[in-house]
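Fair warning: this is a prediction, and the values are worked out from it, not measured in the lab. Chain letters run A, B, ... following the sequence lines, proteins first, then strands; residues in each count from 1.
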Protein chains: 2
Amino acid sequence: MAGKREQNREQNRLALIEAVLDSVAEKGISETSVSEIIQRAGLSRGMIHLHFGGKDNLVQAAGHHSSQEYYDGLEDLLAQAGDSPQERIEMIVRGDLGERVLNQRNVSIWYAFRGEARNRSAIAAFSDTRDARLRNMVLSAFTRIARDMNMTDAEAARDATHGLLALLEGMWTDYLLHPDRFDRDEAMRITFRFLAAMFPSYFTLKGAVVQPQT
Amino acid sequence: MAGKREQNREQNRLALIEAVLDSVAEKGISETSVSEIIQRAGLSRGMIHLHFGGKDNLVQAAGHHSSQEYYDGLEDLLAQAGDSPQERIEMIVRGDLGERVLNQRNVSIWYAFRGEARNRSAIAAFSDTRDARLRNMVLSAFTRIARDMNMTDAEAARDATHGLLALLEGMWTDYLLHPDRFDRDEAMRITFRFLAAMFPSYFTLKGAVVQPQT
DNA sequence: TAATCAAATGGACAATCGTCCATTTATACC
DNA sequence: GGTATAAATGGACGATTGTCCATTTGATTA
């Protein structure tokens with residue numbers, strides 16, 4: 001067991017990160033100052049330099065932390081998914097549009113970092129949600145479906161992957177700009193409509209067809 | 001003709017706005033200070049207060065200006081489009097993904113403002129690209145197609161509108177995060193694949209079918 | 001040309017920024 | 001319980017922020 005010293009230390013480190021994320025979500029990056037952060041964390045001014053060596057490093061760590069939480073949530077869900085490609089894709093869609101990851105706090109944080117991504121390469125690195133891992137999971141599922149359908153179009157699976165991820169991105173933007181009128185069920189329906197149009201015997205308006213018609 | 005005085009005045013006003021946009025595109029919002037702006041514009045410190053009453057108002061005006069340019073570009077293109085709904089939709093897609101509006105500078109600016117939108121209502125107001133005007137243009141086109149197809153699904157046109165705009169949003173995000181590997185033709189192909197899947201006799205992989213098969 | 005006045009200048013100003021370190025606090029070890 | 005030491009404190013510091021206004025510039029009008 002970790003000593004109380006180290007335990008407190010880690011706890012304070014985390015408190016600083018959470019304070020940054022709270023502030024970014026509520027006030028935006030430009031208003032997230034050192035004073036704002038330490039006030040929210042209830043800690044002293046010097047802690048940022050002590051734990052992270054400076055404000056920039058702390059903000060970067062907070063971004064990384066938030067990104068990690070997104071993937072953790074998604075992978076938890078995926079662990080529950082079945083083996084069929086359509087089930088896996090459905091899980092990703094439901095996960096990406098579900099309350100656990102798509103909520104006001106996360107969206108605010110996400111787009112705040114995105115806005116700075118272009119100019120801070122360290123931020124850009126983790127800001128790419130749909131990173132290689134997620135992209136490959138979706139791609140392999142679509143590839144299996146395309147093969148199963150005897151599709152001749154070699155680009156179909158790749159395009160479907162790219163398209164689905166872009167569509168989900170767009171839904172997030174919609175939530176960002178209209179959190180009040182955003183309709184989670186509608187977003188899911190639209191996404192499945194897109195999938196059902198491209199792969200009719202694998203998806204329906206309500207989700208995946210668990211037993212594909214062969 | 002306007003006097004040289006007023007002419008200079010307007011010219012300086014514009015120079016300030018362009019300086020803000022250049023700085024936001026290159027360095028981001030957080031590094032766009034008064035000093036940065038006036039240096040780029042080659043004007044004196046007091047000009048911001050004189051013309052806009054303060055930095056915040058100037059930044060807001062710059063955002064509004066950028067947004068206006070986006071719509072102007074899109075409407076120019078739309079004026080050249082034919083009357084058929086599929087032609088109008090194709091024009092919107094080609095416009096939104098074309099070089100004139102989708103380029104590094106615009107994407108940087110766009111997302112920089114988006115990142116602050118949640119916390120600055122004035123910015124949120126113009127930050128919503130796909131505003132009512134654009135949305136209605138797309139919706140009316142899809143409604144005509146749905147009627148033409150005798151679609152029974154009342155939500156189909158609305159969902160297609162929402163989905164297409166979300167998909168285009170996602171393509172912009174892709175460009176933001178991977179400007180080097182982004183492929184404009186691929187983005188168009190994917191978009192038309194989505195349209196072709198939902199409305200097979202109106203769109204193909206390469207774009208709209210001008211004469212719909214009835 | 002001289003007078004007029006809007007436009008533009010650039011520095012003074014207080015406020016706030018992030019950094020850093022001398023000091024204090026509290027845990028861990030002897 | 002006393003000592004060692006890592007963790008935490010909070011204020012000093014120079015740099016930079018945005019605002020504002022007394023002054024200068026230069027186009028316009030008499």
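- Going from atom CD of B/Q7 over to atom P of D/dG26 covers 17 Å, rounded to whole Å.
- Per the geometry, NZ belonging to B/K55 stands 13 Å off C1' belonging to C/dC17, to the nearest Å.
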Please list, for nucleotides 7-9 of chain C, all pairs of protein and nucleotide N/O atoms separated by less than 3.5 Å.
from	atom 1	to	atom 2	distance (Å)
C/dA8	OP1	B/N12	ND2	2.5
C/dA8	OP2	B/H51	NE2	3.2
C/dT9	OP2	B/S44	N	3.1
C/dT9	OP2	B/S44	OG	2.8
C/dT9	O5'	B/S44	OG	3.1

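- A parallel orientation is assigned to the rings of B/Y111 and A/Y111, their planes being inclined by less than 30° (bins at 30° and 60°).
- Within the 3.5 Å criterion, the main-chain N or O of B/V101 finds a donor-acceptor partner in the side chain of B/N106.
- As rounded to whole Å, 13 Å separates atom C1' of C/dC17 from atom CD1 of A/I38.
- Rounded to whole Å, atom P of C/dG18 lies 9 Å from atom CG of A/D56.
- Using bins of under 30°, 30° to 60° and over 60° for the plane-to-plane angle, the ring pair A/Y70/A/W110 lands in the tilted bin.
- Close to C/dT16, at under 4.0 Å from its OP1 or OP2, lies no side-chain N or O of A/S33.
- In this structure, the CD atom of A/E36 is 11 Å from the P atom of C/dG18, given to the nearest Å.
- The side chain of B/S35 contributes no N or O atom lying less than 4.0 Å from OP1 or OP2 of D/dT16.
- Here the P atom of nucleotide D/dT17 and the CG atom of B/L58 are 15 Å apart, to the nearest Å.
- Regarding contacts with the backbone of D/dT19, every side-chain N or O of B/H49 stays at 4.0 angstrom or more from both OP1 and OP2.
- A/E87 and A/S84 share a donor-acceptor pair across their side chains, judged by distance under 3.5 Å alone.
- The closest donor-acceptor contact from the side chain of A/R94 to the backbone of A/L77 lies at 3.5 Å or more, if one exists at all.
- Of the possible polar contacts, none joining the B/S23 side chain to the B/A19 backbone as a donor-acceptor pair under 3.5 Å is found.
- Taking atom NZ of residue A/K4 and atom P of nucleotide D/dA8, one finds them 12 Å apart after rounding to whole Å.
- With rounding to whole Å, A/L16 atom CG is found 14 Å from D/dA7 atom P.
- For the pair A/E18 and A/R105, the salt-bridge criterion is met [side-chain N within less than 4.0 Å of a carboxylate O].
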